[in-house]
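Following: one structure in structure tokens, then a few remarks.
Throughout, a chain's letter reflects where its sequence line sits, starting with A, and its residues are numbered from 1.
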Protein chains: 2
Amino acid sequence: MALIENLNLSDKVTQELGRAIISGEYSNDSGFPSEAKMCEDYGVSRTSIREAVKMLGAKGLITSRPRKGIVVEPASKWNLYDTSVLKWMLESSPSLFVLREFLQMRMAIEPQAAALAAQFATDEQIKQIEQALKGMEAAGSDPTLSLHEADIAFHTSILAASNNRFILQLRDFVSTALNVSIQHTTPAKGSIKAIIEEHDKVYRAISLRQPERAKSMTAYLIDEAIIFIDAEIAKQEQK
Amino acid sequence: MALIENLNLSDKVTQELGRAIISGEYSNDSGFPSEAKMCEDYGVSRTSIREAVKMLGAKGLITSRPRKGIVVEPASKWNLYDTSVLKWMLESSPSLFVLREFLQMRMAIEPQAAALAAQFATDEQIKQIEQALKGMEAAGSDPTLSLHEADIAFHTSILAASNNRFILQLRDFVSTALNVSIQHTTPAKGSIKAIIEEHDKVYRAISLRQPERAKSMTAYLIDEAIIFIDAEIAKQEQK
DNA sequence: ATTGACATATTGTATTACAAATGAGAAGTG
DNA sequence: CACTTCTCATTTGTAATACAATATGTCAAT
């Protein structure tokens with residue numbers, strides 16, 4: 001999974017440091033080690049350390065200044081929409097709460113994306129959504145196919161059809177959210193048909209160019225997931 | 001404005017290269033120069049060039065591999081929520097169309113943020129929103145104060161009150177959007193009172209813990225701006 | 001035509017050296 | 001004593017050099 005192979009040294013150091021920073025190993029105690037110290041710790045040259053530091057700086061995790069050394073930025077400065085940062089967060093956080101935040105974000109983005117798609121999608125883009133929907137239907141009746149992957153394809157095809165770069169950019173974010181979801185939601189087998197039916201309603205609203213319906217259908221879809229997670233969290237807190 | 005002073009060399013190179021990449025100077029033609037070439041072009045050591053390349057790579061703009069050289073990633077890979085990337089985009093794009101995309105994003109984020117704030121904001125956070133609103137009122141009657149800054153403070157205080165890290169992260173994004181807006185919207189002086197009145201409705205909905213009203217009031221607020229920009233774009237296309 | 005070996009260009013890594021910035025403490029001064 | 005100024009030490013910033021690793025294309029041999 002981690003696949004820390006095939007990476008060059010500075011990338012490997014970046015991975016390790018990034019994970020360590022986000023899991024809070026340097027937040028409270030004696031501060032961040034100096035470049036020289038890290039050279040020893042990791043057994044690599046200062047060149048590689050510096051390149052790693054620059055990359056982490058570009059993601060908003062740290063800053064460095066002469067004599068002062070390297071300091072970890074407050075979490076509010078971290079670029080959470082960077083896929084690496086997102087990955088490190090998921091590796092170090094209890095994911096049920098992060099998942100709720102994910103879903104709240106999806107509740108913001110996806111209904112609006114669906115509405116924009118209904119207004120501005122090209123015929124080609126609508127065909128893409130249709131293809132993804134057919135993929136879900138196929139996976140619904142054929143267990144060898146992945147319903148999960150088709151589901152992701154459906155949602156991202158809508159993001160693409162919004163023709164808004166900032167929304168499309170959240171593709172990885174939504175994919176990640178859906179991937180995390182799958183770990184918690186045991187897909188009630190009987191309801192697969194219902195799920196596909198609901199996705200179909202979203203598709204039809206978009207293809208019929210009805211922004212408001214597309215928006216509320218999508219909101220409905222995500223709200224179900226939020227209700228499920230809220231229940232899950234409540235269950236966990238009871239223990 | 002640019003303030004390219006006070007930066008170290010690798011940061012300066014990063015700025016220049018980033019701007020050049022996003023404005024498309026390397027997208028179609030002979031490809032990206034090699035590190036050695038850039039050392040000559042910029043008159044700096046390979047160390048600085050490499051650090052700049054690493055930073056741009058961390059923002060998703062380029063990748064580099066031995067023998068193959070440095071290649072510009074497709075725009076879909078760029079991390080648009082990186083404040084530097086955002087800045088470079090605004091410097092190189094006709095901002096009226098970018099502004100519409102900004103507003104579409106705000107239409108996704110802010111109503112949801114307001115709804116979450118109505119549900120989960122602490123009393124302290126609601127007080128913050130109230131403070132920002134009072135700031136707007138003060139600026140409305142005192143021309144020496146900046147209504148614009150108070151406006152930004154109001155919107156970001158709601159993002160903070162959502163208590164969702166992913167939404168709060170978009171603070172810079174929303175600030176930037178509002179800053180760009182001001183360049184296009186000549187604030188009709190008579191309507192200032194109306195604008196403040198609408199912001200007050202959002203605040204009251206949040207403080208009364210009414211998520212749905214907070215959401216629709218915020219959506220109304222942003223929709224007005226979208227209508228304005230659409231008209232502006234139509235006007236420009238007529239010419 | 002396919003394969004294999006080799007030359008070549010480019011990034012990757014290490015090392016050394018010195019410059020620049022800055023914070024802390026010493027030294028000096030009223 | 002209070003305050004300023006100077007010096008020094010620490011840490012990052014920049015440069016230069018050298019060689020390793022990697023992948024691409026070429027050319028020859030089968």
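- The aromatic rings of B:Tyr81 and B:Phe173 sit tilted, their planes meeting at an angle between 30° and 60°.
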List the steps, then state whether side chain to side chain contact (heavy atoms under 4.5 Å, CB included) holds for A:Thr218 with A:Gln112. CA-CA 9 Å; A:Thr218 305; A:Gln112 166 76 347; over 6 Å; no
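- Between B:Lys12 and B:Glu16 no salt bridge is recorded (no basic side-chain N to carboxylate O distance below 4.0 Å).
- Checked against salt bridge (charged side-chain N to carboxylate O under 4.0 Å, His left out), B:Glu232 has the following partners two or more places apart in sequence or in another chain: B:Lys235.
- Protein chain B touches strand DNA chain C; the 5'-most and 3'-most nucleotides with an atom under 4.0 angstrom of its non-hydrogen atoms are C:dT8 to C:dT13.
- More than 12 heavy atoms of other residues, nucleotides or ligands sit less than 6.0 Å from atom CD of B:Glu91.
- Residues A:Met38 and A:Leu17 meet the side-chain proximity criterion, which asks for heavy atoms closer than 4.5 Å.
- Under a cut-off of 6.0 angstrom, the local environment of CD in A:Glu149 is sparse, with at most 12 non-hydrogen atoms contributed by other residues, nucleotides or ligands.
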Can you check side chain to side chain contact (heavy atoms under 4.5 Å, CB included) on A:Ile158 and A:Glu110, steps first, answer last? CA-CA 8 Å; A:Ile158 291 175; A:Glu110 296 195 52; over 6 Å; no
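- Where A:Gly69 and B:Asn8 each meet DNA chain D at their nearest nucleotide, the meeting point lying more 5' is that of A:Gly69.
- Helix-axis bend for the helix from C:dA1-D:dT30 to C:dG30-D:dC1: the local axis fitted to the five terminal pairs at one end deviates from that at the other end by 10°, rounded to 10°.
- Side-chain atoms of B:Asn179 and B:His148, non-hydrogen and from C-beta on, do get closer than 4.5 Å to each other.
- Contact check, B:Ser48 against D:dA15: a side-chain N or O comes under 4.0 Å of OP1 or OP2.
- A donor-acceptor contact shorter than 3.5 Å is absent between the side chain of A:Asp82 and the backbone of A:Lys59.
- Nucleotide D:dA16 holds its P atom 15 Å from the CD atom of B:Glu35, rounded to whole Å.
- Close to D:dG13, at under 4.0 Å from its OP1 or OP2, lies no side-chain N or O of B:Ser45.
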In the 5'-to-3' direction, what one-character label does each nucleotide of nucleotides 17-23 of chain D receive under the scheme B = base within less than 4.0 Å of a protein heavy atom, S = sugar-phosphate only, - = no such atom? -B---BB
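- Partners of A:Asp41 by salt bridge (charged side-chain N to carboxylate O under 4.0 Å, His left out), not counting sequence neighbours, listed by chain and number: A:Lys37.
- Across residues 49-59 of chain B, not one residue has a non-hydrogen atom less than 4.0 Å from an atom of DNA chain D.
- Inter-residue side-chain proximity for B:Lys87 and B:Gln15 is flagged as met; some heavy-atom pair is nearer than 4.5 Å.
- Within the 3.5 Å criterion, the main-chain N or O of B:Arg165 finds a donor-acceptor partner in the side chain of A:Glu101.
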